[in-house]
Every structure is written in structure tokens, then in C-alpha cells.
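The structure under discussion appears below in the form of C-alpha cells.
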Amino acid sequence: MIASVIVDVPAKQIDRTFDYLVPESLHAVVRRGIRVVVPFGPRKIQGFILSIKDETTIKNLKPIEEVVDIEPVLNDELLSLSEWLTEQTLCYRISALQVMLPAAMKAKYNKYFHLLDDHDIPVKIKSLFEKESPLTWKTADAHHALKDLQELIRQRKVEMRYVVKQSANVKKVRIVELSNEDIEVSGNAKKQLLIIEELKKTGGKLSVPALKELTDATSAVIKTMIDKGILIESYDEQYRDPFSQRTFDKTEHFKLTDDQQKAITPILEKVNSFEQQTFLLHGVTGSGKTEIYLQTIDQVLKQERQAIMLVPEISLTPQMVQRFKGRFGDQVAVMHSGLSVGEKYDEWRKIHRGEVNVVVGARSAIFAPFKRLGVIIIDEEHEMSYKQEDSPRYHARDVAIERSNRHGCPVILGSATPSLESFARAKKGNYQLLELEYRMNNQDMPEVKVVDMREELREGNRSMFSRDLLEEIAKRIEKKEQIVLFLNRRGYSSFIMCRDCGTVMQCPHCEVSLTYHRSKESMKCHYCGHEEYVPNECPECTSEHIRYFGTGTQKVEEELFKLMPHVRTIRMDVDTTSKKGSHEKLLNAFGRGEADILLGTQMIAKGLDFPNITLVGVLSADTMLHLPDFRASEKTFQLLTQVSGRAGRHEKTGEVIIQTYTPEHFSIELAKSQHYEWFYQKEMMMRKTAQYPPFYYISLITISHENVNKAAGVCSEIADILKAKLTDQSIILGPVASPIAKIQDKYRYQCMIKYKNEPELKSLLKKILDQYSHTGKDAVSINIDVQPYMMM
DNA sequence: AGCACGCCGACT
DNA sequence: GTCGGCGTGCTC
């Protein structure tokens with residue numbers, strides 16, 4: 001019996017199967033989709049069994065060392081999906097397999113030195129082994145002992161062993177129970193008697209932490225009882241439950257409005273007939289998309305099938321978790337970046353074991369190992385976070401459609417502001433368009449006011465708040481209503497500049513300006529993490545007039561405090577929400593009315609839904625508009641529409657104030673009238689003229705190298721190859737320097753391909769990738785994104 | 001990606 | 001004459 005294995009080495013030459021002999025003892029367990037540990041050269045590594053066969057042309061087969069799983073971790077569908085993913089995104093097969101599993105299941109590798117013969121070995125080495133045996137590579141390296149050890153290995157006095165460890169860890173809890181033996185306990189041992197009593201009361205078995213809680217006993221007491229044989233200890237697997245502290249109120253179906261009923265009918269038809277169909281559910285905020293999702297899932301569950309619901313960064317919407325857990329109880333697994341590695345692993349195991357039937361999660365939840373999918377839902381379909389930016393560079397929407405084809409089930413893409421690609425496909429009939437035109441309860445859309453900041457400046461207002469905004473803020477505070485202030489991106493544009501010579505402090509390794517961080521009085525690079533203190537004098541002209549410019553959230557907070565010292569503000573940005581759970585804590589505090597103003601970046605644009613918010617202010621609508629990205633207008637429109645949706649979601653009507661320097665720009669004008677269809681028409685015209693998606697597909701090749709000329713040269717070679725091989729209907733742009741020309745001391749050049757129909761492109765790109773991804777002295781690093789969302 | 005093997009410069 | 005630099009090639 002022979003197994004074909006994909007090993008855990010992401011490299012060009014290793015990107016294929018290797019055959020291994022299956023030892024007799026493992027015949028019963030070894031199957032496709034099981035992880036194994038195999039010898040690979042001198043070391044041992046983890047791998048996935050892709051197939052089992054009887055013969056091979058390879059001589060000198062090595063045997064599989066051990067199996068990691070009893071049950072396959074990837075089923076046939078996911079294994080074949082990984083093949084599709086490899087072809088689609090031009091990634092290594094191992095990366096495609098790895099991305100489908102929680103991070104906890106990635107192997108860890110350790111090297112240990114074992115002492116075989118301690119005669120005639122250096123004193124230094126001997127003492128190391130006395131302190132630690134086996135000796136880890138790390139300590140050996142720390143004591144500069146690797147050289148000596150290498151020599152001892154040659155003399156066969158020391159051996160190096162490679163150990164594959166699972167970073168996955170099943171949480172175990174210690175359980176104690178009463179033994180059957182009748183052992184006398186002295187009347188003085190009050191704690192022991194109490195423990196026995198408690199155990200009898202609860203059926204004879206309790207976890208140690210629970211027992212300690214109940215009886216206030218110490219570990220010592222329990223240990224004594226185990227040693228005496230009164231108690232028997234054992235271990236039990238346990239799930240880490242991130243929601244254990246919370247209860248979810250059971251919620252019932254809402255009665256659907258006619259509008260909603262009209263939308264859900266065709267979806268349920270496809271669910272019932274087991275047919276694939278992609279629906280684009282277009283409905284403004286508050287039009288009741290979530291209830292449609294919930295009732296569709298309900299139908300799917302009745303058929304004993306399963307559902308995947310994707311949301312962008314779910315930790316940001318505890319309210320969404322609430323709604324799902326409330327409706328479906330413990331049938332729901334939750335998967336998002338806010339969970340610890342162990343928690344994610346546990347949620348995954350619940351899915352894998354079939355203990356839950358619904359998963360609500362971020363991008364990677366699209367790979368949930370369900371066997372009978374009944375529906376896949378992608379909420380806020382237009383969100384960029386559905387595209388993974390490193391290998392495998394997949395878009396969750398594409399994976400969803402691919403999986404739905406394999407399972408015969410519908411996909412629902414929901415959004416108030418669909419991506420142009422999706423809306424165009426819906427108009428063409430590739431997707432079925434479902435419109436929700438009315439808000440539930442017939443609420444009015446909030447009134448949106450655009451303030452021209454140039455006008456403010458002309459009239460002598462040089463602050464970052466327009467007079468209108470300040471006035472409205474004051475009004476709400478008087479009425480005890482709440483306000484959300486929105487600012488683009490953390491520390492965006494809060495660069496540091498010398499006022500005398502205009503020098504802007506830049507990262508020495510990347511071509512970006514450093515961002516000022518008040519808390520540490522330092523400047524940080526957002527691309528490589530480089531950090532340094534703000535200099536006392538300008539490195540160029542030695543002037544001392546150094547100050548920071550731009551408006552970070554911290555600065556807004558300060559200004560706000562200067563203008564209205566009595567106003568309570570909660571600031572939400574990366575700095576204040578980095579700690580686990582702090583995000584929710586801040587939001588809850590705001591929900592309880594502990595602050596008047598919620599000030600934040602991107603992260604507050606989604607999901608928050610508090611009845612008392614009646615004013616939303618966007619401090620600078622155009623920061624995003626001027627990014628070097630053809631989707632800049634689309635993103636601005638989506639963001640403004642979404643932010644506006646935060647105001648007046650309940651009885652009180654809301655108002656939105658958008659501050660901008662370009663009020664005439666159509667994405668700002670149309671965000672004001674909240675007219676998606678007009679925006680779509682206008683933006684489509686722009687895209688057509690500029691030859692961008694959805695009229696053209698694009699692919700992006702990025703070359704990076706320490707030497708500028710090398711990077712540019714290779715990129716130009718590649719452009720030439722493309723020009724020669726592709727049809728003349730395709731457009732090849734570049735090579736040009738990447739918008740971020742240097743990251744971590746490597747210069748970046750890129751080349752963009754725009755095409756409509758180029759059946760050979762994938763294989764050509766694969767060829768180029770092979771040709772240039774060799775490892776050598778002057779090797780460049782090459783990256784290909786087949787369908788990029790970030791142009792940087 | 002690692003790791004070993006192997007072929008040329010600066011030292012005891 | 002040896003130690004050690006890192007170029008080259010292989011991993012079932």
C-alpha cells in the first residue's frame with residue numbers, strides 16, 4: 001500500500017506529491033485527507049494524503065512515520081476544491097490545503113539533540129546536557145554550541161532528532177470521581193468529607209475547577225484524596241466556549257413584509273429543488289435582509305442540511321451573533337478573527353464532527369467542512385475583506401459559488417451597495433437580482449448634508465469641524481442623543497513634517513511616510529513595523545520646528561475636548577481596540593449611554609445599531625477618494641452610504657453631515673441622495689472608458705528586489721513576454737513602480753494585464769511564475785494576483 | 001524551505 | 001595544509 005502525500009513545504013520544487021510506503025500497522029487508518037508525519041530528506045515533516053495506490057515507479061520508498069488523524073480532516077469535496085483553488089489562484093497545493101484548516105492545525109517543528117555517549121565530550125557541551133536533555137536547538141544556538149554538536153554528531157556521540165508537534169491543542173479538563181472502594185476518612189478531614197458529599201450530590205463526577213469552586217478545597221486536598229484512592233482522576237475533552245458567559249434570548253420568526261416575501265420566494269424554491277443559483281439581494285440598510293437570511297437558513301435546517309453565513313469581520317457585530325445564536329441556539333458555530341487560535345480550533349471541530357449546522361464567520365469560514373450545504377450567504381457582499389491578500393489569493397465569493405455548484409445549493413450575496421462586478425452580473429442575468437426597496441417600518445432615510453470645507457476655510461474656519469457640524473453636535477448633546485464621528489483609517493495622514501524645510505519623516509525601509517503615535521511619542525511604519533522616536537531636530541536642516549500634521553483619531557479627540565470639554569467621547573481605533581474583547585466593551589459602554597460621541601475609523605462603519613444615534617459626522621469624505629485605485633469612487637460611495645446608515649435606525653430620524661473638499665464629486669453627491677442605481681450608471685461609464693472591471697478582467701504581477709534596476713528589468717521582460725503571447729485585445733500596462741515603491745528594502749515594480757477573453761492566460765502566468773520563482777543569488781520575488789483588489 | 005555536499009579564499 | 005564561506009542540488 002502506497003500513499004501519495006503533499007508535504008508541508010511551500011516551494012516550487014516541492015509542489016507535487018511524494019510517495020510513501022504505508023506500514024502494515026497503519027493500513028486500517030490510512031485514507032485520503034488524513035494528515036501524516038513523513039521523513040523528508042534528513043528531517044520529518046507533516047503532509048496530507050491525497051491518494052492511495054498499489055504501485056509506484058519510485059524506488060527506495062520510505063515508510064510513513066505516523067498518522068496525525070484518525071478521521072480525515074479534509075473530505076473529498078474539500079480536497080478537490082483545493083485543486084481548483086490551486087489552479088485558480090496559482091498557489092502551491094499545500095497552501096490551498098492549509099488555508100482550509102484552522103491555524104491551530106498547522107504543524108510545528110522542533111529539533112532536539114540527544115546524547116548517546118558522554119565519553120570525551122567538551123565540558124561545555126556536557127554541562128548543557130546536564131541542564132537540559134534532550135537539548136533543544138534553541139538553547140544550543142543560544143550557547144553557540146551548534147558547531148561542537150555538529151562534530152559530535154559526526155562522531156556518533158550525539159544524535160539530532162526532528163519532532164513534529166501539533167500546535168493544535170485539545171483543551172482537557174481534569175475530572176475526579178469517587179472510587180468504589182470504601183476507604184475510611186477521618187472525621188477531622190472536614191474538606192475531604194465535604195468533597196465526598198458534593199460529589200455524591202452531583203452524581204459522583206465533577207471537574208476539578210468546579211469542585212474547587214464548590215468546596216473551596218485546595219489542590220493539595222484533592223491530591224491527597226487521589227493518592228489515598230478515594231478519588232479517581234481522568235481527563236475529559238472540552239470546548240473553549242467564547243460565549244459561555246452569555247445567554248442568548250430565544251427569538252422567533254418575524255412576519256415578512258410583502259417586499260421580503262417576494263425576495264425570499266425564489267431563494268426557497270432553489271433550496272427546495274437543490275439547484276445552484278446565485279442571488280444578489282440588494283436592499284438599503286434597514287430593509288430586513290437579515291431576516292431573509294435567517295428564514296432561509298431555517299428552511300435549510302429543516303432539510304437537515306447546513307448553512308454558511310459570511311460576514312465581514314464579525315467580531316465587530318456582536319449584535320449579529322446575538323441574532324443567529326438567538327434563533328438557532330447551539331446549532332451555530334462562530335468563526336472570526338477575534339477568537340483565539342484554540343477557540344477557532346474548537347469551533348472548527350464542532351463543524352467537523354457535525355455537531356453544528358450553521359457557521360457564522362469571516363472569510364475563511366467559507367471552507368467550513370459541511371457535508372450537505374443548503375445555502376451560502378455572503379452579507380455585505382461588496383466588502384474588500386472577502387479577498388485574501390496573501391497566498392492563496394482567493395475571493396470568498398468565488399469559492400462560495402464553486403462550492404454551491406458542487407453541493408447544488410443557492411448563494412445569496414447581500415448588500416445595500418453591491419460591488420459593480422456583482423451588480424453588472426445581476427443585470428446580465430448571471431445572478432438573479434432581488435430588490436428590497438423599502439425600509440422596514442417605512443422609516444425615512446436619514447437626511448444627508450454635504451459641507452464644503454473649502455468654503456469653511458474661506459470664511460476663516462481652519463478647524464477640522466465645520467460650523468454646521470459643531471452646531472448639530474451641540475444640539476444633540478442638549479437633547480441627550482448620541483453622535484458618531486467617522487474618520488478614515490488609523491492615523492491616516494498623520495505624518496511628521498519639518499516646518500522649515502518641508503521634510504516628511506519616512507520609513508528607512510519602505511517608501512511610505514511614518515505615522516505619529518502619541519502614546520509612545522514615536523513614529524511607526526504601517527508596512528514593516530519600523531518604529532523610532534520623533535527626532536528633536538530635523539535630520540535634513542537641523543531645525544527644531546518639527547510637528548505632526550493631519551488628523552488622526554487622537555488629534556480629533558483632543559480638538560473635540562478643547563472645543564467642548566464637558567462632552568464624553570469614546571475613541572475606537574486600532575490603538576484602543578487591540579486588546580481582546582475591548583472592542584465589544586467600548587461599544588457596549590456607548591450603547592449604555594456612557595458617552596455622547598463615538599469617534600472612530602473604518603471599524604465603526606459596520607453593524608452598530610443603537611437607537612439613540614441621531615447624528616453621524618464624516619470628518620473628511622475625500623481621503624479615500626484620492627487613493628491610487630480604480631475602485632476609489634466605489635469605496636467612497638459604499639463607505640458614505642454605510643456610515644449614513646448608522647443614523648436614525650429607529651423611531652428618531654437621523655441626520656448625516658459629510659465634510660469634504662470635493663462636494664461636486666459624483667460619489668459624494670450620490671451618497672447624499674443615497675441613489676445606488678445612479679451611482680452604478682455613472683461609475684459604469686467611467687469604468688468602461690478607463691477599461692476596468694467589470695468591462696475588463698485584470699491580473700497583477702509584482703516583482704520585488706533589493707536592486708531597483710533588477711526589479712524593473714525583470715518586470716519589463718515579463719511585460720514583453722505577455723505582449724508577445726497575448727492577443728492584441730488585451731492591454732498590458734507597465735512596468736511601473738508600485739504605488740508603494742519600496743517595502744522592507746525591496747523595490748517593487750508591477751505590470752497589469754487587462755483582458756476580456758484570454759483562455760491561455762492562466763497557463764501563461766503559471767509558466768512565468770515557474771520561470772521566475774527559482775531560488776538563487778539574483779532571484780527576484782514574484783507575486784501574481786489573478787484578480788487583485790488592492791493595487792498596492 | 002531546509003539541509004548536505006562540494007569547491008575555492010584566509011588563517012593556524 | 002585546514003576552516004569555513006555560500007553556490008548547487010535534492011528531498012518519495
Side-chain angles (χ1 to χ4, degrees), chain A residues 1-24 26-27 30-32 34-68 86 90-99 103 105-114 122 135-138 140-141 144-156 158-165 167 390-392 704-707 710 744 746 769-783:
Chain A
M1 198 186 209
I2 288 149
S4 289
V5 176
I6 293 277
V7 294
D8 188 10
V9 179
K12 176 82 260 309
Q13 293 160 293
I14 314 300
D15 190 26
R16 60 192 172 89
T17 58
F18 286 82
D19 289 349
Y20 287 89
L21 199 68
V22 182
E24 202 75 35
L26 296 178
H27 277 201
V30 160
R31 265 186 291 163
R32 259 161 80 67
I34 273 192
R35 290 175 301 161
V36 288
V37 173
V38 292
F40 196 68
R43 53 204 173 119
K44 289 182 180 64
I45 52 177
Q46 194 173 86
F48 291 81
I49 296 183
L50 279 203
S51 61
I52 305 286
K53 54 191 182 182
D54 294 323
E55 282 173 35
T56 180
T57 52
I58 308 292
K59 284 180 290 243
N60 305 325
L61 283 186
K62 287 185 186 173
I64 288 175
E65 184 98 359
E66 58 177 296
V67 293
V68 179
T86 304
L90 304 175
C91 70
Y92 300 127
R93 189 69 186 277
I94 187 66
S95 314
L97 293 166
Q98 220 99 256
V99 80
M105 291 173 79
K106 236 186 124 160
K108 278 199 176 132
Y109 301 102
N110 285 311
K111 284 174 279 185
Y112 292 98
F113 297 101
H114 289 253
L135 183 63
T136 60
W137 174 283
K138 218 179 135 195
D141 192 27
H144 308 288
L146 293 179
K147 286 261 157 60
D148 290 342
L149 286 164
Q150 201 172 27
E151 176 55 30
L152 290 167
I153 288 169
R154 218 168 288 143
Q155 297 171 22
R156 308 201 172 250
V158 169
E159 188 183 61
M160 183 153 70
R161 290 188 206 157
Y162 297 82
V163 177
V164 183
K165 260 204 346 211
S167 41
D390 41 47
S391 179
S704 54
H705 194 263
E706 281 103 358
N707 182 329
K710 180 77 190 172
Q744 289 197 21
K746 285 184 157 182
L769 197 57
D770 286 355
Q771 193 180 331
Y772 286 95
S773 54
H774 56 86
T775 50
K777 186 80 194 282
D778 57 346
V780 297
S781 84
I782 174 166
N783 269 318

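Residue numbering restarts at 1 for every chain, and letters A, B, ... go by the order of the sequence lines. Excluded from the calculations below are hydrogen atoms, water molecules and symmetry mates; all remaining heavy atoms, backbone and side chain alike, are included.
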| Of all heavy-atom pairs between A/R93 and A/D15, which one has the smallest distance, and what is that distance? | N-OD1, 2.9 Å
| message | Just to be sure I understand the rule, does A/Y162 reach a base, reach only the sugar-phosphate, or reach nothing, if contact means heavy atoms closer than 4.0 Å? | response | sugar-phosphate
| query | What are the two closest heavy atoms between A/F113 and A/A140, and how far apart are they? | reply | CE1-CB, 3.8 Å
| message | As a test of reading the structure: which of C/dG4, B/dA1, B/dC3 is closest to the side chain of A/V9, going by heavy atoms? | response | B/dA1
Restricting both atoms to N or O, compile the protein contacts to nucleotides 5-7 of chain B shorter than 3.5 Å, with distance only.
none

| note | Taken to the nearest whole Å, CD1/A/I6 to C1'/B/dA1 is 15 Å
| Heavy-atom donor-acceptor pair, A/Y109 side chain to A/Q46 backbone, under 3.5 Å | yes
| Just how far, in rounded Å, is P of B/dA1 from CG of A/D15? | 12 Å
| If only side-chain N and O atoms of A/K111 are considered, is one of them under 4.0 Å from the OP1 or OP2 phosphate oxygen of B/dC3? | yes
Hey, can you pull the donor-acceptor pairs under 3.5 Å for the side chains in residues 57-65 of chain A, sequence neighbours left out?
from  : atom 1 : to    : atom 2 : distance (Å)
A/K62 : NZ     : A/G41 : O      : 3.3

| Rounded to whole angstroms, how far apart are CD1 on A/I94 and P on B/dG2? | 13 Å
| message | On a heavy-atom basis, which atom in A/I52 and which in A/R32 lie closest, and how many Å separate them? | response | CG1-N, 4.5 Å
| message | For A/F40 and A/F18, take the angle between the two ring planes, folded into 0 to 90°, and tell me which bin it lands in: parallel under 30, tilted 30 to 60, perpendicular over 60. | response | perpendicular
Provide a list of protein-nucleic acid N or O atom pairs under 3.5 angstrom, restricted to nucleotides 10-12 of chain C.
from   : atom 1 : to    : atom 2 : distance (Å)
C/dT11 : O3'    : A/G41 : N      : 3.0
C/dC12 : OP1    : A/Y20 : OH     : 3.3
C/dC12 : OP1    : A/P39 : O      : 3.1
C/dC12 : OP2    : A/K62 : NZ     : 2.4
C/dC12 : O3'    : A/D19 : O      : 2.9
C/dC12 : O3'    : A/K62 : N      : 2.7
C/dC12 : O2     : A/D19 : N      : 2.7
C/dC12 : N4     : A/R16 : NH1    : 3.1
C/dC12 : N4     : A/R16 : NH2    : 3.3

| Once you round it to whole Å, what is the distance between C1' of C/dC3 and CD of A/E151? | 12 Å
| query | Could you give the OH-to-P distance, from A/Y109 to B/dG2, as a whole number of Å? | reply | 9 Å
| task | Count the heavy atoms belonging to other residues, nucleotides or ligands that lie under 6.0 Å from CD of A/E706, then report whether that count exceeds 12. | result | yes
| query | So what does A/K12 hit on the nucleic acid, given a heavy-atom distance under 4.0 Å: a base, only sugar-phosphate, or nothing? | reply | nothing
| said: So that I can tick it off, tell me whether A/D8 and A/K106 are bridged by a salt bridge, with the cut-off set at under 4.0 angstrom between side-chain N and carboxylate O. | reply: no
| said: In whole Å, I'd like the distance from the CD atom of A/Q46 to the C1' atom of B/dA1. | reply: 16 Å
| field | Rounded distance in Å - CD (A/Q150) to P (B/dG2) | value | 17 Å
| field | Under 3.5 Å donor-acceptor, A/R35 side chain and A/A107 backbone | value | no
| For atom NZ of A/K44 and atom C1' of B/dA1, their distance in whole Å | 18 Å
